[in-house]
Protein chains: 2
Amino acid sequence: MTTTRASHDGAALRLAAADASLIADSIRSAGLKVTAPRLAVLRALTGMPHSSADALFGAVRSDLPGTSLQAVYGVLSSFSTAGLVRKIEPAGSPALFERRVGDNHHHLVCTRCNVVHDVDCVVGHAPCLTPADALGFDVRAAEVIYWGLCASCQAETAHP
Amino acid sequence: MTTTRASHDGAALRLAAADASLIADSIRSAGLKVTAPRLAVLRALTGMPHSSADALFGAVRSDLPGTSLQAVYGVLSSFSTAGLVRKIEPAGSPALFERRVGDNHHHLVCTRCNVVHDVDCVVGHAPCLTPADALGFDVRAAEVIYWGLCASCQAETAHP
DNA sequence: TACTTGTTTTGATTTACTCAAAACAACACA
DNA sequence: TGTGTTGTTTTGAGTAAATCAAAACAAGTA
């Protein structure tokens, strides 16, 4: 069993290493320096999309103690301007971050438990990008948030 | 000229009075007590839609000094739960309020000057209310914000 | 006119985030 | 393999927006 466990650990380590170098690559190719806090934040965000700066800080702190919350804010801000992560700001919630960028997907937010899910656009690719009357605006982005009850909160409210 | 002005003032006063009583009526019929701060806030909001609590506080203070900012927050919160006003929270901005409620209209926000305009929905009445895959959510509302440059900011950025 | 209930004031507190300066580390180049 | 430049992180302070709680007060009702 020890041997098996060791070999599993070895596989996990190789995977983690491959993952780490992929993450480092994506940071580097965004034109940013690769640092420990950046690796830690991007790795945490991979495992927990739609996370707040504070939640990521908690995750990062456990495997890289000494990282400051301000560093997490700084990392997320540089990632965001580099196009490496996307920032969403649902009403009544702190800003959330996700690695899925470049498509125009939208979000479902549960009004009860605040869980967030990604959804693709209703009408194809660039649907909501054209309002009925743009009133002279040069529209660059459309942001859509669907508010409702997620499946498990529907179940819970049905059986209180 | 004095007579004319007086008659205009009279008309304006009658209009203002009619307006004030209409505003009082809408507060009352929302099941809320009619108070001076509420009248002042709702009147200010009529003249300046898409205003923040702070902006409304500024407007209200000038014709009802002694009103506190917290009172404005309280007024807006009771209006909001009574369905008398709608609260929108564009990313990076304090919450904004408007009297136009009950339809599912959306918003155009200028990324440069932050001006907000209302727009009707793209695909008819309840279009965006149906995401491609709701993932088990019971969707109750869809919020759409279009980000772009308003006409005058386009002109200004073209001629810097 | 007084009573009850809801509203507003006053003052403190919280959350999410930003700013600035000094210490430090990554990457390029010698 | 060290050295320098540049960008990043830490440390510490500060801000904006909003919320909470208790006491003073006013609206509507009887």
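A note on names: the letters A, B, ... follow the listed sequences, proteins ahead of strands, and every chain is numbered from 1.
- Nearest nucleotide to the B:Ala71 side chain, out of D:dT10, C:dT9, C:dC17: C:dT9.
- The nearest whole Å value for the distance from the CG atom in A:Leu32 to the C1' atom in C:dA28 is 17 Å.
- Residue contacts shown for B:Ala36 are absent, as no nucleic acid heavy atom lies under 4.0 Å away.
- One can place CG of A:Leu39 at 14 Å from C1' of C:dC27, the figure rounded to the nearest angstrom.
- Annotation: of the two residues near DNA chain D, B:Val34 and B:Lys87, the 5′-most nearest-nucleotide partner is B:Lys87.
- If you take CG of B:Leu64 and C1' of C:dT7, they are 13 Å apart, rounded to a whole angstrom.
- Using a 4.5 Å cut-off on side-chain heavy atoms (C-beta onward), B:Leu32 and B:Phe79 make contact.
- Residue whose closest nucleotide on DNA chain D sits further toward the 5' end, between B:Ala53 and B:Thr35: B:Ala53.
- Rounded to the nearest 0.5 angstrom, B:Leu45 CG and B:Leu56 CG are separated by 5.5 Å.
- With respect to the salt-bridge test (charged N to carboxylate O, under 4.0 angstrom), the residues A:Arg100 and A:Asp120 qualify.
- Rounded to an integer number of Å, the gap from CG of A:Leu96 to C1' of C:dC17 is 14 Å.
- In terms of phosphate contacts, B:Thr67 brings no side-chain nitrogen or oxygen within less than 4.0 Å of OP1 or OP2 of C:dT8.
- Looking at the side chain of A:Tyr73, the nearest of the listed nucleotides D:dT9, C:dT18, C:dT9 is C:dT18.
- The interatomic distance linking A:Arg38 (CZ) with D:dT9 (C1') rounds to 10 Å, in whole Å.
- We find that CG of A:Leu69 is positioned 9 Å from C1' of C:dC17, with the value rounded to whole Å.
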| task | Could you give me the CA-CA distance, side-chain angles and deciding distance for B:Val85 and B:Leu42, then say whether side-chain contact (heavy atoms from CB on, under 4.5 Å) is met? | result | CA-CA 9 Å; B:Val85 308; B:Leu42 199 52; 4.2 Å; yes
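- A salt bridge between A:Arg99 and A:Asp118 is absent, with no side-chain N of the basic residue lying under 4.0 Å from a carboxylate O of the acidic one.
- Note on B:Lys87 versus B:Glu98: no salt bridge recorded, every NZ/NE/NH1/NH2 to OD/OE distance being 4.0 Å or above.
- Every ring-ring contact (aromatic ring centres under 6.0 Å, His included) that B:His117 has, sequence neighbours left out, goes to A:Phe137.
- One atom, CG of A:Leu56, and another, P of C:dA16, lie 13 Å apart when rounded to the nearest Å.
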Could I get a table of every N or O pair under 3.5 Å where one atom is in the protein and the other is in nucleotides 20-24 of chain C?
none

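- Within the 4.0 Å cut-off from OP1 or OP2 of C:dT7, not a single side-chain nitrogen or oxygen of B:Ser78 is found.
- Here the P atom of nucleotide D:dA18 and the CG atom of B:Leu76 are 10 Å apart, to the nearest Å.
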